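Written below as structure tokens is the structure these notes are about.
No experiment lies behind these values; they were computed from the predicted model shown. This chain uses plain numbering: 1 for the first residue, then up along the sequence.
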Amino acid sequence: QVQLVESGGGLVQPGGSLRLSCAASGFTFSNYAMSWYRQAPGKERELVAATAGSSPNYADSVKGRFTISRDNAKSTVYLQMNSLKPEDTAVYYCKAARIYSYWGQGTQVTVSS
């Protein structure tokens, strides 16, 4: 059974940091492209960061602030988020993609003073 479980979300002040984790099971993690998406209230889900191959990709809005990484031995993908802004507030989802795509249940990130 495929599972993607996100963790690490929470409430943080502007300028703060959070590290999200997504633990995968039920498939060969190293064979899949992994990415992070987010969805704010009233907005469409958007790609934040993706790792596949040698170079990660980032949305322009998070470049220089967010870093995606993966540990294939632990079947886990991470999203380090620094210099957080109120507009980063959203539910963050991880996605595994190859032929099929799998999604986690999401973790809430709220950036507010």
Side-chain angles (χ1 to χ4, degrees):
Q1 180 183 359
V2 172
Q3 276 195 312
L4 294 172
V5 180
E6 300 98 334
S7 61
L11 173 64
V12 63
Q13 292 187 343
S17 298
L18 283 175
R19 188 195 196 203
L20 305 183
S21 299
C22 173
S25 60
F27 62 97
T28 305
F29 180 80
S30 59
N31 289 346
Y32 280 69
M34 298 300 298
S35 53
W36 286 94
Y37 285 72
R38 67 186 181 187
Q39 188 167 19
K43 295 188 176 181
E44 293 187 354
R45 193 171 295 190
E46 62 173 356
L47 176 66
V48 175
T51 175
S54 59
S55 298
N57 296 314
Y58 298 95
D60 288 343
S61 59
V62 307
K63 281 181 181 176
R65 300 188 298 122
F66 290 12
T67 303
I68 187 171
S69 61
R70 63 189 296 165
D71 185 336
N72 288 339
K74 295 183 178 180
S75 296
T76 301
V77 62
Y78 304 96
L79 186 68
Q80 178 66 43
M81 305 187 295
N82 300 327
S83 303
L84 282 161
K85 304 175 181 180
E87 50 264 42
D88 295 318
T89 295
V91 178
Y92 284 72
Y93 300 89
C94 69
K95 175 185 172 183
R98 193 182 180 192
I99 298 173
Y100 301 104
S101 294
Y102 305 109
W103 292 87
Q105 83 290 346
T107 185
Q108 176 70 47
V109 172
T110 302
V111 185
S112 175
S113 55

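The two atoms that bring S17 and N82 nearest to each other are OG-OD1, 3.0 Å, heavy atoms only. In terms of heavy-atom proximity, M34 sits nearest to V77 at CE-CG1, 3.8 Å. The shortest heavy-atom contact between T28 and Y32 is O-CD1, 3.2 Å. Scanning all heavy atoms of the two residues, the minimum distance from S35 to I68 falls at CA-CD1, 4.2 Å. The shortest non-hydrogen separation linking F29 to D71 is CE2-O, 4.0 Å.
The salt bridge (charged side-chain N to carboxylate O under 4.0 Å, His left out) test applied to K43 returns no partner, not counting sequence neighbours. Applying the side-chain hydrogen bond (donor to acceptor under 3.5 Å, both in side chains) rule to Q3 yields no partners; only residues at least two apart in sequence or on another chain are considered. Listed by chain and residue number, P14 satisfy the side chain to side chain contact (heavy atoms under 4.5 Å, CB included) test with S113 (two or more places apart in sequence, or in another chain). Take R19 and apply the salt bridge (charged side-chain N to carboxylate O under 4.0 Å, His left out) test, not counting sequence neighbours, and it matches no residue. Checked against side chain to side chain contact (heavy atoms under 4.5 Å, CB included), T76 has the following partners two or more places apart in sequence or in another chain: S21, A23, K74, Y78.
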Inset, instruction - Carefully, step by step, assess L20 and F66 under the rule side chain to side chain contact (heavy atoms under 4.5 Å, CB included). - result: CA-CA 11 Å; L20 305 183; F66 290 12; over 6 Å; no

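One distance of note links OG1 of T110 with CG of L18; it measures 9.5 Å at 0.5 Å rounding. Going from atom CE of M81 over to atom OG1 of T67 covers 11.0 Å, rounded to the nearest 0.5 Å. To the nearest 0.5 angstrom, S75 atom OG is 10.0 Å from L4 atom CG.
Atom CD of E87 has more than 12 neighbouring heavy atoms from other residues, nucleotides or ligands inside a 6.0 Å radius.
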Name the atoms and distances for all side-chain donor-acceptor pairs under 3.5 Å in residues 90-98, with sequence neighbours left out.
unit_1 : atom_1 : unit_2 : atom_2 : d
Y92    : OH     : R38    : NH1    : 3.0
Y92    : OH     : D88    : O      : 2.6

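E6 contributes a side-chain N or O that, together with a main-chain N or O of G106, makes up a donor-acceptor pair within less than 3.5 Å. Between the side chain of T107 and the main chain of G9, a donor-acceptor pair closer than 3.5 Å is present.
By the criterion of side-chain heavy atoms lying less than 4.5 angstrom apart, applied directly or through intervening Ile, Leu, Val, Met, Phe, Trp or Tyr residues, V48 is not grouped with V5; the two fall into different hydrophobic clusters.
You'll find the side chain of N57 stays beyond 4.5 Å of the side chain of L47, heavy atoms only. In this structure, L11 and Q108 have side chains that are not in contact, with every pair of non-hydrogen atoms separated by 4.5 Å or more.
When ring centroids are compared, W103 and Y37 come within the 6.0 Å threshold.
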